[in-house]
Amino acid sequence: MFYEKYITVLYVDLTTEKIRIEKREDLYEYLGGVGVASKLLEENMRPELDVLDGHQPIVFANGAATTVFPVITKTVAMFISPLTGELGESYAGGRMAMTMMMAGYDAIVITGKAKRPSYLSISKNNIEVKDARAIWGMSSDEVGGVIREKEPGSGKRSIIRIGPAGENQVSYASVCVDTYRHFGRLGLGAVFGSKYLKAISIIGDRNMPIKNFKEYFKVYQDIYKKVTSTEIMAKYHDAGTPINIEPLNAAGGLPTRNLQQATFENASDISGLTFAKNNLVRKLACTGCPVGCIHIGQFRREFDDGHEYEAISVGYDYELIFALGSYLGVKSSDEVLELIDAVEEYGMDAMSAGVVLGWATEAFQKGLVTLEDTLVPLEFGNTKNYLAALKNIAWRKNEFYIVLGMGAEKAGEIYGGKDFALTFAGNEMSGYHTGYGTILGSVVGARHSHLCNGGYSIDQSMKELDEEKLVDAIFAEEKERCMLNSLVICLFARKVYDRNTIIAALNSIGREITDEELTAVADRIYKTKLRIKEKLGFDQTAVKLPKRLFETKSLFGQLDEATAYRLIEKYNDKLKAFVRADS
């Protein structure tokens with residue numbers, strides 16, 4: 001992408017197996033990443049058709065400086081979410097961004113449905129749709145090993161793939177990227193499954209020389225020093241994001257037992273320091289990142305009588321520990337890792353899976369569902385039965401588990417208990433019960449994620465509620481992250497990449513840009529997302545909040561329902577003014 005005035009887009013139609021490549025000068029103004037992906041989604045989506053209709057697109061895109069500078073390592077996926085019925089947006093690290101770039105593609109658009117289970121093989125000079133019937137039904141880990149053997153070739157390789165949950169179109173099925181990274185939230189795995197697409201293998205070996213190496217290297221070194229020699233990113237390498245467990249618990253913001261509590265009495269047993277002491281075996285990094293924030297923990301599992309054990313390695317972070325730990329009342333780091341491993345094997349988003357099981361447990365306790373539905377008694381802290389339930393969701397064991405595979409909101413609509421189905425516009429909550437910022441940010445965020453605008457962080461910085469200040473802060477951050485995600489910067493590094501640093505970095509690789517132009521990019525992307533959401537029928541003023549949010553005291557104190565809805569209205573008014581300003 002750099003040094004070029006166009007975006008190279010690879011189009012693949014799985015139905016006809018026709019391939020075309022376009023060099024799109026008109027997409028250049030979107031900078032890359034989420035900007036390009038949003039525009040391509042808008043062009044190719046079919047709002048009048050079902051979410052999982054084969055005509056609906058999957059879009060992947062890289063940023064304008066992908067892998068050229070430290071921590072710019074991710075690829076964005078855009079699609080229509082089978083979980084929410086509207087904008088789907090997910091990010092993954094690993095090797096995918098680098099291999100796409102080295103294969104010569106800035107973006108990939110996949111449409112159609114294959115005639116049989118298939119996988120897509122992509123390289124610089126060859127794109128093929130190949131038979132995947134032999135690997136259909138396999139876990140994502142097994143698939144990676146098979147494709148590595150089947151697809152020899154030189155260069156850097158990335159393999160992304162789904163597990164049984166994606167094949168069976170669980171609405172929050174994930175896509176595994178190079179074993180330890182994922183397109184997790186909002187159900188991209190189900191979209192893969194609906195297209196009979198089991199995996200994508202990308203190999204790239206293109207050489208990408210830097211023209212003005214002296215200027216580039218100076219900027220690179222400045223960024224590298226910030227990343228490795230300051231405190232900005234130190235915690236991500238050290239104990240990692242799980243270090244947040246105990247502080248959030250102490251402050252009263254850690255969702256526990258389906259948010260019946262916001263503190264967990266066993267928090268120290270699943271804390272970042274406990275994982276580091278008892279389970280951590282190594283740290284990994286995405287390609288092009290010097291930080292090493294991927295923490296791999298290990299637990300032992302008995303596989304036969306006579307003390308026959310195997311050691312299982314699995315990645316963990318804060319959100320997974322919250323969703324499969326405190327939220328389910330699970331009390332040990334080993335048990336949390338065992339649940340994460342099951343989620344990985346079946347190919348599901350861990351956050352949605354945990355929140356769904358939290359709802360199901362409380363629904364079972366309240367008698368809304370019976371043992372005939374759940375097949376095993378669901379109890380907070382009962383890891384063995386949660387493992388069985390996860391398998392039942394992935395394989396659609398009965399009608400109840402089919403519904404659980406549609407998400408907590410749908411389950412609450414059908415069985416009752418919507419007041420304790422903890423979702424925001426259909427997307428299961430994140431690991432923060434911190435206050436109005438989390439609620440507002442999750443509702444109005446383009447993909448209803450805590451990562452859209454960091455509302456949870458704004459909560460923790462506000463001593464008292466200032467409604468106008470909160471709305472303005474979330475609006476500003478939502479837009480700014482559109483720009484950051486056009487570069488597909490890892491958001492852990494957002495404090496490293498201030499605007500001056502971004503401008504210097506882009507200028508050093510031939511993309512002359514100003515601060516005003518970065519603002520224009522942010523505005524352009526945000527408006528594109530808003531158009532997509534409107535075409536798909538989303539109305540944030542119609543969102544109904546679960547009552548549990550206002551029953552359980554938060555880090556910010558007891559929250560008022562009327563205040564939360566008023567904040568959503570104020571944000572909506574701000575959006576209307578923002579859109580009108582350009583019309």
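Computed from heavy atoms alone, side chains included, the values below leave out hydrogens, waters and symmetry copies. The residues of the chain are indexed from 1 along the displayed sequence.
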Inspect the contact between Glu167 and Lys198 and indicate whether a charged nitrogen and a carboxylate oxygen are less than 4.0 angstrom apart. yes

For Val76 versus Val34, what's the shortest heavy-atom pair and its separation? CG1-N, 3.7 Å

When you look at NZ of Lys533, are more than 12 heavy atoms from neighbouring residues, nucleotides or ligands closer to it than 6.0 Å? yes

Parallel, tilted or perpendicular: which describes the rings of Trp359 and Phe420, with under 30° parallel and over 60° perpendicular? parallel

Less than 4.0 angstrom from a charged side-chain N to a carboxylate O is my criterion; do Asp178 and Arg157 meet it? no

Salt bridge present between Asp349 and Arg185 (N-O < 4.0 angstrom): yes

For the CD atom on Glu308, are there more than 12 heavy atoms of other groups (residues, nucleotides or ligands in this structure) within a distance under 6.0 Å? yes

Does anything in residues 421-455 pair up under ring-ring contact (aromatic ring centres under 6.0 Å, His included), and if so which pairs, sequence neighbours excluded? Tyr318-Tyr432, Tyr432-His450, Tyr432-Tyr456, His448-Phe538, His450-Tyr456

Residues that Thr75 engages under side chain to side chain donor-acceptor pair (under 3.5 Å), provided they are two or more places apart: Asn62

Take atom NZ in Lys553; do more than 12 heavy atoms of anything else shown fall under 6.0 Å from it? no

Under a plain distance cut-off of 3.5 Å, with no hydrogens placed, do Glu335 and Ser332 share a side-chain donor-acceptor pair? yes

Salt-bridge criterion met for Glu551 and Lys547 (N-O under 4.0 Å): no

